[in-house]
Amino acid sequence: MIKKNVLSVKKLNKIYRGNIHALNDLNLEVKEGEILGLLGPNGAGKSTFINILAGVTDKTSGEVIVWGFNLDKNPRQVRVSLGIVPQEINVDPFFTPKKLLDLQAGLFGVKKKDRITDTILELVALKDKSNSYTRSLSGGMKRRLLIAKALVHKPPIVILDEPTAGVDVELRRNLWENIRSLRKLGVTIILTTHYLQEAEELCDRVGIIHKGNLIALDTTENMLNKIQTKTIRFEINKKVVLNGMNNKDYNILTNTDSEFKIEYNKQELNIQKIIKLLENQGIVIKDIKSEDANLEDVFVNLTNN
Ligand code: ADP
């Protein structure tokens, strides 16, 4: 099934005062129901992009269409189509989550009978904290409350700016679960992150922004496949004799009586050939571990060039 685009950006430019080009002709289409990750080093232009969508920063030029609405013609509808989860925790410590969500719903003009406060609190696992002061919530709970706050007007698209910045590993997994449950409800999600693992685990597609340019955009899987080298480590019982292999296709990292570690070009060599080579020499393979490329490799590769 071909998914429709719910957000489309064409030739988006932002030049700040002082001739700082934060975004250069950015083109991007976001598909319904996906989780799209935007990666990039500090200063890449990620916040500028989000701020333009949020209506906080004016673009210099380009076209932005969100949920069918043009940002220039229908800024209010664009705003209502988006739920924006900021990075900074900015909730009044003396409000309860319930009160805060009610106020936010009021800001968006959601009628009392249409409010889904309890459902949202349940979704982000804060139901039992509904009536506690926000100041008594843990850091993780506060982050979940920010997600909840962005959902009061049932936006079809949710944008999260560095949702797990500065959060420990366990809490991060927890927040990922919240984000996945959102997606299950059909919400389209755009998030920025500088944790490559986050993008790898959570995102269907990944875009890499560098110096205001979108330098790569693909499914997470294709992005990982872009790295042509793979590393395999064999636990063995004797050293491998290397002849008859073309050495521009591989790089031997370890070759001892107990371990053989090889880095190779996926186009030229494959694991079957390597196993065959070992077996032909009567070597017993006790264990095999493969070290796949991760997004960090892709990222370093792309941003270096
Ligand atoms: P990121 O979110 O990826 O770290 P930003 O969008 O914050 O990147 O920044 C992109 C570029 O724009 C940087 O060079 C930054 O210094 C510049 N910039 C961001 N905000 C402003 C501003 N309000 N005025 C001038 N320059 C800015």
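Only a predicted model underlies this, so the values are computations on that prediction, with no experimental measurement involved. Index from 1, following the sequence.
For Thr193, the side-chain hydrogen bond (donor to acceptor under 3.5 Å, both in side chains) test picks out Glu198, with sequence neighbours left out. Every side-chain contact (heavy atoms from CB on, under 4.5 Å) that Gln281 has, sequence neighbours left out, goes to Val240, Val241, Leu277, Ile283. Under the side-chain hydrogen bond (donor to acceptor under 3.5 Å, both in side chains) criterion, Glu291 pairs with no residue, sequence neighbours left out. Residues satisfying the side-chain hydrogen bond (donor to acceptor under 3.5 Å, both in side chains) criterion with Asn74, sequence neighbours excluded, are absent altogether.
Residue pairs satisfying the side-chain hydrogen bond (donor to acceptor under 3.5 Å, both in side chains) criterion with at least one member in residues 130-147, sequence neighbours excluded, are absent. Among residues at least two apart or in separate chains, there is no ring-ring contact (aromatic ring centres under 6.0 Å, His included) pair with a member in residues 173-208. The ring-ring contact (aromatic ring centres under 6.0 Å, His included) pairs that include a residue from residues 135-156 are Phe108-His153, where partners are two or more places apart or lie in different chains. Sequence neighbours left out, not one pair with a member in residues 27-54 passes ring-ring contact (aromatic ring centres under 6.0 Å, His included). Residues in residues 52-69 take part in these side-chain hydrogen bond (donor to acceptor under 3.5 Å, both in side chains) pairs, two or more places apart or across chains: Asn13-Ser61, Lys59-Asp72. Residue pairs meeting the salt bridge (charged side-chain N to carboxylate O under 4.0 Å, His left out) criterion with at least one partner in residues 162-174, sequence neighbours excluded, are Arg173-Glu201.
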Acceptor/donor pairs from residues 33-46 side chains to any protein atom, 3.5 angstrom cut, sequence neighbours excluded:
residue, atom, partner, partner atom, Å
Glu34, OE1, Arg205, NE, 2.8
Glu34, OE2, Lys31, N, 2.7
Glu34, OE2, Arg205, NE, 3.4
Glu34, OE2, Arg205, NH2, 2.8
Lys46, NZ, Gly40, O, 2.7
Lys46, NZ, Pro41, O, 3.1

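The other members of the hydrophobic cluster of Tyr16, by chain and number, are Ile20 (side-chain heavy atoms under 4.5 Å, ILVMFWY only).
Rounding to the nearest 0.5 Å gives a distance of 11.0 Å between CG of Asn5 and CD1 of Ile65.
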